[in-house]
Amino acid sequence: MGSRQRWITAGVVTALLAVAATACGSSGSKTGGGGSGTTITLYNAQHEETTDALVSAFEKQTGIKVKIRNGDESQFAQQIEQEGSHSPADVFYTENSPALMELQEKNLLAPVTASTRARVAAEYHAPARARGGVWGRVRGL
């Protein structure tokens, strides 16, 4: 990975976790008011290697520790449904939207603050303010 790509990745992780940190609204894992001493729990249904790189950059930049739980997005969505407001998940990071839409329909995602939404292009905003896009992907033949 080139230097430019690493900086883009570091910027993306900050946006990702800033948006997503408000997305689940757990009551469990925060141990401080931000920075050193704060831990958030990430339910990761993305590629582990990519997530590890993003989390590493985020932890270095913010001082916030991230506890990663890797798994399948459908299983995480079901788990969050079962855990309800007691879910330890602060962030649910997934590639596909159906699991997020299911959680949103059941009011299991916390709203994203206006200041956080302002960091993400409007076309990637969810109507209910419950989730945010991180980046788009284009595929071509």
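- Between the OG1 atom of Thr113 and the CZ atom of Arg119 there is a distance of 9.0 Å, given to the nearest 0.5 Å.
- Formation of a donor-acceptor pair under 3.5 Å by the Gln104 side chain with backbone atoms of Leu109 is not found in this model.
- Asp90 approaches Thr39 most closely through the heavy-atom pair OD2-O, 4.3 Å.
- Counting only heavy atoms from C-beta outward, the side chains of Thr94 and Phe76 never approach each other to under 4.5 Å.
- With sequence neighbours excluded, no residue forms a side-chain hydrogen bond (donor to acceptor under 3.5 Å, both in side chains) with Lys67.
- Expressed to the nearest 0.5 Å, how far CG of Asn44 lies from CD of Glu95 amounts to 10.5 Å.
- One distance of note links CD of Gln82 with OG of Ser87; it measures 10.5 Å at 0.5 Å rounding.
- Taking CG of Leu42 as the start and CZ of Phe58 as the end, the distance is 9.5 Å to the nearest 0.5 Å.
- A distance of 10.5 Å separates NZ in Lys65 from OG1 in Thr41, rounded to the nearest 0.5 Å.
- Here the CD atom belonging to Glu73 is positioned 10.5 Å from the CD atom belonging to Glu102, to the nearest 0.5 angstrom.
- With hydrogens and angles ignored, the 3.5 Å screen pairs a side-chain donor or acceptor of Asp72 with a backbone N or O of Ser74.
- Side-chain contact between Leu108 and Phe92 is absent, with no heavy-atom pair separated by less than 4.5 Å.
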